[in-house]
Structure formats: structure tokens, C-alpha cells
Amino acid sequence: MPGKHHSPEQIVAKLRQAEKLQGQGMTIPQACKKLSITEQTFYRWRLKFGQMSEDEAARLKQLEQENAQLKRIVADQALDIRMLKDLQRGKW
């Protein structure tokens, strides 16, 4: 069964909701159940997004996408360089 994919803004909002529910006396498992997430997901999100605002979470996602794009570009360039070196050595 495929999982739900939450945006960083949604994650931060759910973490804030969980904080409010805990402030009202709910335990973490109860708050997770109410928010329809697992405890493991809650703790993972809290580690990654715990002190972020929604704007910061959106910026993080944008930077991660940009980083992935740059890594692909570097990999393509490394492959091009390798092919040119092989051509220069006469392997083709």
C-alpha cells in the first residue's frame, strides 16, 4: 500500500498540531493516531523538521531539489570527461 506524501509545510503543520494536542494532555501515541500518522513518522519528522517554520521547510525542500539537480549535472559531466579520455586513449 503506497504511503501518503506530505509536503514540508504539511509536516510542520502536523508537528505543531501534535504539540497543541500534547499541551491538552494527550500522549504522543494518541496525538499520532488523531493526526493519522505513525509514531515512527512523528519522531522522524520531529528530528528533521522539529524547530522549523513552514517557510524554512519549503526552502529546505527547494534546496534539496536544487542539490539533486546539481548532482545529476556533475555526474553527467564526469561521464562526458571519462568518455573523452577514453577516446583520447584510442579505446573506441
Side-chain angles (χ1 to χ4, degrees):
M1 177 167 76
K4 295 180 184 177
H5 294 284
H6 296 86
S7 71
E9 296 87 359
Q10 292 171 326
I11 293 171
V12 171
K14 285 199 177 203
L15 288 173
R16 298 300 159 254
Q17 283 180 303
E19 287 176 6
K20 287 179 186 176
L21 293 172
Q22 286 177 323
Q24 296 171 359
M26 279 191 172
T27 63
I28 290 176
Q30 291 170 334
C32 289
K33 188 171 184 174
K34 185 165 181 80
L35 295 172
S36 301
I37 59 173
T38 64
E39 284 183 67
Q40 181 180 2
T41 299
F42 171 79
Y43 288 116
R44 187 172 3 110
W45 285 354
R46 192 167 72 175
L47 279 175
K48 187 171 182 179
F49 297 100
Q51 300 300 318
M52 286 187 188
S53 68
E54 290 182 23
D55 293 338
E56 291 171 329
R59 179 72 176 139
L60 174 65
K61 183 176 180 181
Q62 178 187 8
L63 290 173
E64 287 174 342
Q65 289 173 345
E66 183 178 335
N67 190 33
Q69 182 181 15
L70 292 172
K71 284 182 178 182
R72 281 191 298 274
I73 290 170
V74 169
D76 288 343
Q77 287 179 339
L79 183 60
D80 290 345
I81 290 169
R82 178 67 183 206
M83 288 182 351
L84 290 172
K85 284 183 179 179
D86 287 347
L87 282 173
Q88 186 180 17
R89 290 188 205 132
K91 288 188 175 184
W92 288 75

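Every heavy atom of this structure was used, including side-chain atoms; hydrogens, water molecules and symmetry mates were not. Throughout, numbering of the chain's residues begins at 1 and tracks the sequence.
Ile28 contributes atom CD1, which lies 10.5 Å from atom CD of Glu19 (distance to the nearest 0.5 angstrom). Separation of atoms CZ (Arg82) and CG (Leu84) is listed at 11.5 Å; rounding is to 0.5 Å. One distance of note links CZ of Arg44 with CZ of Phe49; it measures 10.0 Å at 0.5 Å rounding. If you take CZ on Arg46 and CD on Glu39, they are separated by 10.5 Å, rounding to the nearest 0.5 Å. To the nearest 0.5 Å, atom SG of residue Cys32 and atom NZ of residue Lys14 are 10.0 Å apart. Atom-to-atom distance recorded for Asp86:CG and Ile81:CD1 is 12.0 Å, nearest 0.5 angstrom.
Counting only distance, with no hydrogens or angles, the side chain of Gln65 and the backbone of Gln62 share no donor-acceptor pair below 3.5 Å. Side chain of Lys61 to backbone of Ser7: no donor-acceptor contact under 3.5 angstrom is found.
Across every non-hydrogen atom of Glu9 and Ala57, the tightest pair is N-CB, 4.5 Å. Pairing each heavy atom of His6 with each of Gln10, the nearest pair is CA-OE1, 3.2 Å. Across every non-hydrogen atom of Leu15 and Trp45, the tightest pair is CD1-O, 3.7 Å.
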- Task: Would you check, one step at a time, whether the test salt bridge (charged side-chain N to carboxylate O under 4.0 Å, His left out) holds for Glu64 with Lys48?
- Result: CA-CA 13 Å; Glu64 287 174 342; Lys48 187 171 182 179; 3.5 Å; yes
- Query: side chain to side chain contact (heavy atoms under 4.5 Å, CB included) between Arg59 and Asp55: does it pass, once the steps are laid out?
  - Reply: CA-CA 6 Å; Arg59 179 72 176 139; Asp55 293 338; over 6 Å; no
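In this structure, Lys34 and Leu21 have side chains that are in contact, with non-hydrogen atoms separated by less than 4.5 Å. Phe42 has its side chain out of reach of Leu35: every pair of non-hydrogen atoms, C-beta onward, lies at least 4.5 Å apart.
In this model, no donor atom of one side chain and acceptor atom of the other lie less than 3.5 Å apart for Gln40 and Thr38. Checking Gln69 against Arg72 by side-chain atom types alone, no donor-acceptor pair falls below 3.5 Å.
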